Every structure is written in C-alpha cells, then in structure tokens.
Amino acid sequence: MAIEVEQKFRVPDVADLERRLLALGAQHRETAEQTDHYFAHPGRDFAKTDEALRLRRIGEFNFITYKGPKLDATTKTRREIEIGLADGQAAATDAAELLSAIGFTTVAEVCKRRQDFTLTWQGQPIGVSLDDVAELGDFVELEIVTSPAEVDRARQSLASLAAELDLRNGERRSYLELLLAARGGRGQNHV
C-alpha cells in the first residue's frame, strides 16, 4: 500500500523559491497544465469522510485517483490509489460518463499550471510541485510516496526541507477545499 506524505504552502515569490530549490540540487522534470474533476460519492459524503475521487487530465493523459482520509493532524498523509486510463479527450469523457451513470456527481474542476521538480533530501527522493492554481494563486507541494513503515521518516524529511526553504504555515486543505471555500462553500456542476 502506497502512502502519500505531503505538505503544501502558499508561495509569495515563486521565482525566489525556484532559485532556492535549484541551489539545493532540484531537477526540473516538466511543466504541464492539469485539470482535475472532483466527484461526489452517491452514498457517502466525502467532505465528512475526508476522501476524494478525482479524474485528472494532463495534456492527453488521463488518471483516476482515490485519496483516503488524512492520517495525521500536521501533514496531508493519506492512502492514494491512482490508475492510468486511456489517453485523449474521448477517454476522459467516457470515464466521467461512467462515473455519472453509477451515481457520482461533479463537485468542481480545479485547473493549475504545475512545474514538477525532484530533489533528494536526507537520502529521500522528494517530489516538489510549484502550482499556479486558477482562482487561488501560487503554492508549493512537497511530497514523498512511501510505505506505511516509513511515514514518520518521510514526515521528518518534509519538515526539514520546509524549514530549509523557509516555508511556514502549512495548508492541509486540498485545492478543492480551498476553491470551494473561496466560492463560499458552493460546489458547482459546471465550473
């Protein structure tokens, strides 16, 4: 079972943070536009159970992802299951229609421009994403995907890297939660 350990922070100066990451040896992997469609479960309230179901498009690539409840009070540590789908708009449309046919409803769409980096810190590979999120602004996510036995070590590494980068006031809410709060708590069928 893969556990995603993540910390997210608002970023006042993306260019400065990118310079500091590169100075630490971070390697830029890619920059891409991502569109995430979030769905509500027909039989339980994901807002109450702290779960998420997302259909993500990155260019022509499609993925469906389940995120389980957060496992601690300081990071976004949670179980994540992600499955690649067929490529292209038609496959994304079919996946959304399948979910709709079995009772899932669209909550909202989150659009972002993501710059992905990798960095080895304290002997661990860390994914670093600089995100420009529509309607929300700039964020950085630090992430390690690990086994349940290594979660504490991953949390410590992320906290150490965040301190090194002078990142403060972590944000535990997802982009979806932030977007819905910015819109006054309203989910929308078409965003």
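Keep in mind that this is a model prediction, so the values were computed, not measured.
Listed here is the closest heavy atom pair of L119 and L24: CD1-O, 3.3 Å. Minimum heavy-atom separation, E51 to R78: CA-NH2, 4.2 Å. Listed here is the closest heavy atom pair of A95 and L85: CB-CD1, 3.9 Å. Of all heavy-atom pairs spanning A181 and R173, the tightest one is CB-NH1, 4.2 Å.
Note on R172 versus E177: no salt bridge recorded, every NZ/NE/NH1/NH2 to OD/OE distance being 4.0 Å or above. Contact check on D131 versus K8 returns no salt bridge, with no Lys/Arg side-chain nitrogen under 4.0 Å from an Asp/Glu carboxylate oxygen. Residues R113 and D132 are not paired through a salt bridge, judged by the lack of any N-O separation under 4.0 Å between the basic side chain and the carboxylate.
Donor-acceptor pairing under 3.5 Å is lacking for the side chains of R57 and T35.
Cluster membership for Y66 and Y38, using ILVMFWY side-chain heavy atoms within less than 4.5 angstrom, is not shared. A continuous path of Ile, Leu, Val, Met, Phe, Trp and Tyr side chains, each step under 4.5 Å between heavy atoms, connects L22 with L142, placing both in one hydrophobic cluster. When the side chains of ILVMFWY residues are joined at heavy-atom separations under 4.5 Å, either directly or via intervening members, L176 and V133 end up in a single hydrophobic cluster.
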Please walk me through it: do L99 and H37 pass side-chain contact (heavy atoms from CB on, under 4.5 Å)?
CA-CA 11 Å; L99 290 170; H37 297 267; over 6 Å; no

Can R20 and E164 be said to form a salt bridge (charged side-chain N to carboxylate O under 4.0 Å, His left out), step by step?
CA-CA 9 Å; R20 288 187 283 148; E164 178 70 23; over 6 Å; no

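Panel note: side chain S160, backbone Q156; no donor-acceptor pair is recorded below 3.5 Å. Remark: the backbone N or O of G88 is paired with a side-chain donor or acceptor of N62 at under 3.5 angstrom.
Of the candidates E33, E143, E141, E141 is the only one forming a salt bridge (Lys or Arg N to Asp or Glu O under 4.0 Å) with R114.
The aromatic rings of F104 and F46 sit tilted relative to each other, their planes meeting at an angle between 30° and 60°.
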